[in-house]
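First the structure, in the form of structure tokens, and then the observations on it.
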Amino acid sequence: QITGCLFTKEALANERVKFSSWLHRQCQHTLLIFVDFLWRRMPGAEYTKKMPSPLDMVQKLQIEPTLALLMMRPALRWSEGNAGSIDLAKYANEMLTATPQNLKSTFPALYSCFWSLTLNDIYVPEACYAGQIDRLKKAIADLENSDRLDPKAKDKDIKKWKENLTLDLDKMEKEQKWLKDNRKRTLDRIEKDKNSLVLASKGTVKAMPQFFLQTCVFPRCVQSPEDAVYCAKFIKLLHSKKTPNLSTILIYNMIIGSF
């Protein structure tokens, strides 16, 4: 709410843009810390139960649609395959109506798909995981090699170090496997639904890039560095899936032309 009041005509006329920009960064940083705290500390089922509907957040609480979707993201991700959870597709048209942009055409299915996913759903940093797993395996091997150990190290200390490293290794491998399985489910779902993401109509080819950038990419890419990477990966994913009625060239042309 404070963010929406920063860049007013009065602030611009009084040349308070620098202060407004600083305050905007502080608001965004505070929001990300608060949301991250909720995501980590509250179970998915409880989070979903306590969250109002996206439309209530926009209409009653006067929260911008993009920020409401940021706060709702854990509920949306947890809700996949769970009964009684928040379904963004039900509210997509109303959310788009509340969006300030003057849009000639809307694509609710694409909007719902984009805002319901996170970077971990479509991308797994396999090189990073491989490096960390190799490092842990090497550390365990070094503990088993008596020539490379500190002569003063006690057997019980060595055993405890090895147990901790083994637990870390097991946790890392399980986490990588879960992320890969989750990514596969997500990609399979997108492959299944790709024909309905951008429905063909008069003027779709020109209207879709404008809609996608104004309601999805531009608002989300400034929310956090992770979201910026997500936007780039999502466009690449849709292109690799050969999504019908989606012109990657026009999307990138509009991005380049906007700066």
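Just so we're clear, the structure is a prediction, and the values are computed from it rather than from any experiment.
- Side chains of S53 and D56: a donor-acceptor N/O pair is present below 3.5 angstrom, by distance only.
- A salt bridge does not link E46 with K49: none of the charged nitrogens is closer than 4.0 Å to a carboxylate oxygen.
- No single ILVMFWY cluster, assembled from side-chain heavy atoms under 4.5 Å apart, contains both I133 and L167.
- Judged by distance alone, the side chains of E173 and Y129 never bring a donor and an acceptor atom under 3.5 Å apart.
- Using a 3.5 Å distance cut-off with no hydrogens or angles, the side chains of N120 and N182 do not pair a donor with an acceptor.
- Here the side chains of V58 and I63 are not in contact, with every heavy-atom distance at 4.5 Å or above.
- Inter-residue side-chain proximity for L246 and I251 is flagged as met; some heavy-atom pair is nearer than 4.5 Å.
- Centroid-to-centroid, the aromatic rings of F212 and F114 come within less than 6.0 Å.
- With a 4.5 Å cut-off on side-chain heavy atoms, C113 and I190 count as touching.
- One side chain, R135 or Q132, offers a donor N or O that lies under 3.5 Å from an acceptor on the other.
- By the 4.5 Å heavy-atom criterion applied to side chains, F37 and M42 are not counted as neighbours.
- With contacts defined as side-chain heavy-atom distances shorter than 4.5 Å, the pair M172/D168 does not qualify.
- Interatomic distance, CG of N195 versus NZ of K242, reported as 13.0 Å (0.5 Å rounding).
- Rounded to the nearest 0.5 Å, atoms CG (L169) and NZ (K174) are 11.0 Å apart.
- Among the candidates D227, T66, T215, the single residue satisfying the side chain to side chain donor-acceptor pair (under 3.5 Å) test with R220 is D227.
- Residue L117 is not grouped with residue V222 when hydrophobic side chains (ILVMFWY) are merged at heavy-atom distances under 4.5 angstrom, including chains of intermediate members.
- Considering CZ of F234 and SG of C221, their distance stands at 14.0 Å, rounded to 0.5 Å.
- Within the model, atoms NZ of K180 and CD of E126 stand 4.5 Å from one another, a figure rounded to the nearest 0.5 Å.
- I235 contributes atom CD1, which lies 12.0 Å from atom OG of S240 (distance to the nearest 0.5 angstrom).
- Using a cutoff of 4.0 Å between basic side-chain nitrogens and carboxylate oxygens, R185 and D181 are not scored as salt-bridged.
- Rounded to the nearest 0.5 Å, atoms CZ (R73) and CH2 (W115) are 6.5 Å apart.
- Look at D142 and K138 and you find a salt bridge, because one of the NZ, NE, NH1 or NH2 atoms lies within 4.0 Å of a carboxylate O, short of that distance.
- Cation-pi geometry between R183 and Y123 is not satisfied (NZ or CZ under 6.0 Å from the ring centre, within 45° of the ring normal).
- With contacts defined as side-chain heavy-atom distances shorter than 4.5 Å, the pair L70/L31 qualifies.
- Heavy atoms of other residues, nucleotides or ligands lying less than 6.0 angstrom from CD1 of I33 number more than 12.
- Residues R189 and K192 have side chains not in contact (no heavy-atom distance under 4.5 Å, counting atoms from C-beta outward).
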